[in-house]
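Every chain is numbered from 1 and lettered A, B, ... according to where its sequence line falls, protein lines coming before strand lines.
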Protein chains: 2
Amino acid sequence: MNRRNTPTKEAILAVLSNSKKALSQDAVEKQLNIKINRATIYRVLNRFCEDKLTHKIVGEDGKQYFAICKPCNKLSETITHHFHFRCLSCDTIECLQVPVVYAVPNGYEVKNANCVLTGICKNCK
Amino acid sequence: MNRRNTPTKEAILAVLSNSKKALSQDAVEKQLNIKINRATIYRVLNRFCEDKLTHKIVGEDGKQYFAICKPCNKLSETITHHFHFRCLSCDTIECLQVPVVYAVPNGYEVKNANCVLTGICKNCK
DNA sequence: GTATTATTGCAACTAATTCGCATTAAAAAA
DNA sequence: TTTTTTAATGCGAATTAGTTGCAATAATAC
Ligand SMILES: [Mn+2]
Ligand SMILES: [Mn+2]
Ligand SMILES: [Zn+2]
Ligand SMILES: [Zn+2]
């Protein structure tokens, strides 16, 4: 199933590129200047993830956030797993350039990591 | 608002105590031998969290899991933030005795951490 | 025993995400 | 350039997890 170029895809990608924060479907929709269907936005975002263009973070609010972050693209696989920070005040999630370090017990195979720190961000203090 | 002792509370606590894994509301309900309302289970679990008897983990599946784990009770605040592991095969979350280590940029205040590794657990390999 | 109010059950509700299906439109083929 | 193929989209309905209002129940204090 080959990917196709569509205005929808471009628009959503542009929004993500211009954002320093990870965005929820809702946030993406609000920042779009064209009207795109909710389900479609989810589908596009998930396709981006499949293609490793973005990554998905799940907050302790249980919501999905999507980010295309600099670290992810330029650095090695190791730092690909980095911490995220969710500010309780401005309710945004951002990628921190802080690698996730851990060691798992024998016999465990880690495929992914979802690490979110919560608190108050620099701007909101 | 003082807490009261009820059979419901005892039953749910017993289930959590006997479990080596973190449990969702659904999982708790299934393991109970008495019938307790869904909303009530959530309320009891959240009360446990308020009272620091349990802690809540949110998986990348967006669901809430509750655990009363050994490390949490006997160790210091520092290790209270530990990694969790969610097995994609048996779909359970467990507390790892692996501390979460990080350093945040200046001006950030961390209040909580939700760190979940995903993959295949020892048993399922 | 009586009063107070935390706890519970039930049903309705909310919010986030997904899904089925018909329609549209990229891109490949002719 | 037209035709064909099928990925992408829109819409509405469905699903899932969790919450909330409210009346009934029951633990605890008096
Ligand atoms: Mn990132
Ligand atoms: Mn734990
Ligand atoms: Zn903030
Ligand atoms: Zn497993």
Which nucleotide in the list [options] gets nearest to the side chain of [X]?
{"X": "A:Y42", "options": "C:dA16, C:dT7, D:dT19", "value": "C:dA16"}
{"X": "B:R38", "options": "D:dT19, C:dC10, D:dT9", "value": "D:dT19"}
{"X": "B:I36", "options": "C:dA26, C:dG9, C:dT4", "value": "C:dG9"}

Any side-chain donor near an acceptor of the partner, [X] and [Y], under 3.5 Å:
{"X": "A:H84", "Y": "A:H55", "value": "yes"}
{"X": "A:K56", "Y": "A:N46", "value": "yes"}
{"X": "B:E94", "Y": "A:Y108", "value": "yes"}

Would you say a side-chain N or O of [X] is under 4.0 Å from OP1 or OP2 of [N]?
{"X": "A:T8", "N": "D:dA8", "value": "no"}
{"X": "B:T6", "N": "C:dT8", "value": "yes"}
{"X": "B:N46", "N": "D:dT19", "value": "yes"}
{"X": "A:R43", "N": "C:dG20", "value": "no"}

Could you tell me the separation between the [atom1] atom of [X] and the [atom2] atom of [N], rounded to a whole number of Å?
{"X": "B:L32", "N": "C:dT8", "atom1": "CG", "atom2": "C1'", "value": "14 Å"}
{"X": "A:E60", "N": "D:dA17", "atom1": "CD", "atom2": "P", "value": "19 Å"}
{"X": "B:N37", "N": "D:dA23", "atom1": "CG", "atom2": "P", "value": "17 Å"}
{"X": "B:D61", "N": "D:dA17", "atom1": "CG", "atom2": "P", "value": "9 Å"}
{"X": "B:L45", "N": "C:dT8", "atom1": "CG", "atom2": "P", "value": "11 Å"}
{"X": "B:K63", "N": "C:dT17", "atom1": "NZ", "atom2": "P", "value": "15 Å"}
{"X": "A:I41", "N": "C:dA15", "atom1": "CD1", "atom2": "P", "value": "18 Å"}
{"X": "A:R3", "N": "D:dT5", "atom1": "CZ", "atom2": "P", "value": "22 Å"}

Lys/Arg-Asp/Glu bridge criterion (N-O < 4.0 Å) met for A:R43, A:E50:
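No salt bridge links A:R43 with A:E50.
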Quick test of your reading of the model: are B:K30 and B:D26 salt-bridged, counting only N-O distances below 4.0 Å?
yes
At 4.0 Å (heavy atoms only), tell me whether B:N2 reaches a base, stays on the sugar-phosphate, or touches nothing.
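Sugar-phosphate only.
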Would you kindly compare A:G62 and A:R4 by the position of their nearest DNA chain C nucleotide and give the one closer to the 5′ end?
A:G62
Residue whose closest nucleotide on DNA chain C lies nearer the 5' end, A:K56 versus B:K35
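On the 5' side of the pair lies B:K35.
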DNA chain D: B:Q64 or B:N5, which has the more 5' nearest nucleotide?
B:Q64
